Each structure stands twice: as C-alpha cells, then as structure tokens.
Amino acid sequence: MRSEMREGYEGTGPGAITPDGCAVEFYSRLPIGQEPDIIGAAVPAGARILELGSGVGRVTHPLLERGFTVTAVDESAEMLERVRGARTICGPIENLDLGETFDVVLLASFLVHAGDVEVRRALLRTCVRHVAAGGCVLIQREGEDFHANVPRERVDPSGFTARVVSAEPVGDGVNSVHVEYVFPDVVWTQTILSRPLNSEQFEEALAEAGLKVDSYLTPDRIWVRAVAVAAD
C-alpha cells in the first residue's frame, strides 16, 4: 500500500509506505534502541508524554513499561495500528491542536530537520502549544556529520545493514538524502528532504519558536531538552 507521498519523499519495499517514505514493516522490525533510556533519564517519573511521530510504537511501548502515560501521534494509520496501550491520534503533526498540555513533548526521528522551513516552524509551534508550564520538549537532531560523512553504513547487531547512500543538494540549503535498510530477506529504501542545522542554526530555530536549549542530553548533542522561553 502506498499513501500519497509528500513532495521530495519516497519509499520502496514491501508493505505500507507512509507519506514521508517510511516503511511500516521496517519499523516493526527495528529493535528498541537507547531512546527510551535517554528519555526516561531526562524527564520526571510518571510524566505525561505527547509523542509526535510515534510510528509503530518502538519507543512508545518501552515508555509505557517505564510507567509513563503516552499519547502517540502519527499521520499514518498503518503505523498507529501497531501501537498498544497508548492513546493514539492520527493526523499531521503540523496541524495538531489537542487543547491540552503535557509534561513532555517528544519530537524525535530528526523531524526538526524538515526540508520545508514552514513545516519545521509548524512542528515546533505544535511542541510549544502542547508543553505544560514547567514542562520540556525533547528533540532528536541529526549528528553534526550526518550529511558530510556519506556514503556510510552501519551493521546493526540485530542483523540488518543501514546505509546512508547519498546526500545531494537540491537548493535552498536542503539535501535529498537516500538511505537503504538491507535485511537478509528484504530491502527497504527511503528518500527524504533534510535541512542541515549546526548547533547555532538549531538554537536559532528553537528561539524563533519560543524555545531554548535547557541541556544537550548526549555527548554527540543529538538529543536535546528544550524549554519554553518565558514571555516578558
């Protein structure tokens, strides 16, 4: 099944493909990484979390097991069908307005690097709109060499190879990034539009949305805790 693709995005391989080129079956196979530990260490126990771009629940489910309450948002109904134990909401993140706030808003999967500046601004506005007073926004950003160290590959301990094949400029500071996920029995590919942001540019983007960095949570500065800037 193929949903209508966002312009500049593409995905190939068996099963449902989301509008930004993600393969549902690939993410269902993807092992749990360090994300739940990083998130769990950065937020209060039992926090209410709004997870923007939850996918199949790879991070959602471990967070639930740690005692958090999670509202999972994704624009793919096929992704959300795999989520168990969380409240789910299907729709574009950019337009989300639930009329409620959360202790933690989670924007992972490098979504902050959206190629379209207006999409990025809308994503960050959604974060600000839904974070409670005294709460925080956790953001996953690309590594500093994400676009420069290409091609590269990583063999996952679970048995598949992830390759960043190319990152080609397409104008206005945006790159078209092509990746492959190679399993012994199947290959999925994805092409996305990504806007590189160094630390200064990233922090400027946050400031524009009314956020500021509270701390970088990992030595590679990929995971960030941000807070809302108090109005004067």
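Quick note: residue numbers are just sequence positions, from 1. This is a predicted model, so every value here is computed, not measured.
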Check: Given Arg163 and Thr189, is the side chain to side chain contact (heavy atoms under 4.5 Å, CB included) satisfied, shown in steps?
Finding: CA-CA 9 Å; Arg163 296 191 182 113; Thr189 74; over 6 Å; no
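- With a 6.0 Å cutoff to the six-membered ring centre and a 45° limit on the axis angle, Arg29 does not count as a cation-pi contact of Phe160.
- Between Val83 and Gly55, the shortest heavy-atom distance links the atoms CG2-O, 3.5 Å.
- Classified by interplanar angle (parallel below 30°, tilted 30° to 60°, perpendicular above 60°), the ring pair Phe102/His130 is tilted.
- With respect to Asp97 and Arg125, no salt bridge is recorded, no charged nitrogen being found less than 4.0 Å from a carboxylate O.
- Residue Arg82 holds its CZ atom at 14.0 Å from OH of Tyr27, rounded to the nearest 0.5 Å.
- Of the possible donor and acceptor atoms, none in the side chain of Arg84 sits under 3.5 Å from a partner among the backbone N and O of His61.
- Remark: Arg121 CZ to Glu208 CD distance equals 4.0 Å, nearest 0.5 Å.
- A donor atom on one side chain and an acceptor atom on the other are not found under 3.5 Å apart for Thr69 and Arg48.
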Next item on the list: Test Thr218 against Asp220 for side chain to side chain donor-acceptor pair (under 3.5 Å), laying out the working first.
Entry: CA-CA 5 Å; Thr218 52; Asp220 56 16; 2.6 Å; yes
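- Here the straight-line distance linking atom CG of Asp74 with atom CE of Met79 works out to 6.0 Å at 0.5 Å rounding.
- Between Asp103 and Pro44, every side-chain heavy-atom pair lies at or beyond the 4.5 Å cut-off.
- With hydrophobic clusters built from ILVMFWY side chains whose heavy atoms lie under 4.5 angstrom apart, Ile17 does not share a cluster with Val182.
- A pairwise comparison of heavy atoms in Cys90 and Ser76 identifies SG-C, 4.1 Å as the closest pair.
- Checked by atom type and distance alone, the side chain of Arg129 pairs as donor or acceptor with a backbone atom of Leu96 at under 3.5 Å.
- Rounding to the nearest 0.5 Å gives a distance of 9.5 Å between CZ of Arg141 and CD of Gln201.
- Here the closest heavy-atom approach between residue Tyr181 and residue Ala162 is recorded as CD2-CB, 4.0 Å.
- To the nearest 0.5 Å, the span separating CG on Leu80 from OG1 on Thr60 amounts to 8.5 Å.
- A donor-acceptor pair shorter than 3.5 Å cannot be found between the side chains of His178 and Glu168.
- Counted by atom type alone, Glu180 and Thr161 present zero donor-acceptor pairs between their side chains at under 3.5 Å.
- For the pair Gly135 and Val227, the tightest heavy-atom approach, listed with the atom from each and the gap, is O-CG1, 3.9 Å.
- Within the 4.5 Å cutoff, no side-chain heavy atoms of Pro14 are placed close to those of Glu25.
- Closest heavy-atom contact between Ala122 and Glu94: CB-CB, 3.7 Å.
- Taking CZ from Arg6 and CG from Leu193, the interatomic distance works out to 11.0 Å, rounded to the nearest 0.5 Å.
- Put simply, Leu123 and Val128 are part of the same group of oily side chains (I, L, V, M, F, W, Y) that touch within less than 4.5 Å, one to the next.
- Taking hydrophobic clusters as Ile, Leu, Val, Met, Phe, Trp and Tyr residues chained together by side-chain heavy-atom distances below 4.5 Å, Ile192 shares a cluster with Val170.
- Residues Leu206 and Leu124 have side chains in contact (heavy-atom distance under 4.5 Å, counting atoms from C-beta outward).
- Taking 4.5 Å as the limit, some side-chain heavy atom of Val104 sits within range of a side-chain heavy atom of Leu138.
- Under the 4.0 Å criterion applied to side-chain N and carboxylate O atoms, Arg195 and Glu142 are not assigned as salt-bridge partners.
- At a cut-off of 3.5 Å, with distance as the only test, a side-chain donor of Ser158 or Asp156 sits close to an acceptor on the other residue.
- In terms of hydrophobic clustering, with Ile, Leu, Val, Met, Phe, Trp and Tyr side chains grouped at heavy-atom distances under 4.5 Å, Val119 and Phe110 are assigned to different clusters.
- Taking each heavy atom of Thr126 and Leu52 in turn, the nearest pair found is CG2-CD1, 4.1 Å.
- Val177 has its side chain within reach of His147: a pair of non-hydrogen atoms, C-beta onward, lies under 4.5 Å apart.
- Side-chain atoms of Glu35 and Trp223, non-hydrogen and from C-beta on, do get closer than 4.5 Å to each other.
- In terms of modelled atom types and a separation under 3.5 Å, the side chain of Arg225 and the main chain of Ala42 share a donor-acceptor contact.
- Residues Val56 and Val24 have side chains in contact (heavy-atom distance under 4.5 Å, counting atoms from C-beta outward).
- Contact annotation: the side chain of Glu75 never approaches that of Ile93 to less than 4.5 Å [non-hydrogen atoms, C-beta and beyond].
- Using a 4.5 Å cut-off between side-chain heavy atoms of Ile, Leu, Val, Met, Phe, Trp and Tyr, with links allowed through other members, Leu64 and Leu106 fall into the same hydrophobic cluster.
- Results of the side chain to side chain contact (heavy atoms under 4.5 Å, CB included) test with Glu51 over Thr88, Ile39, Val70, Leu107 single out Val70 as the only residue that passes.
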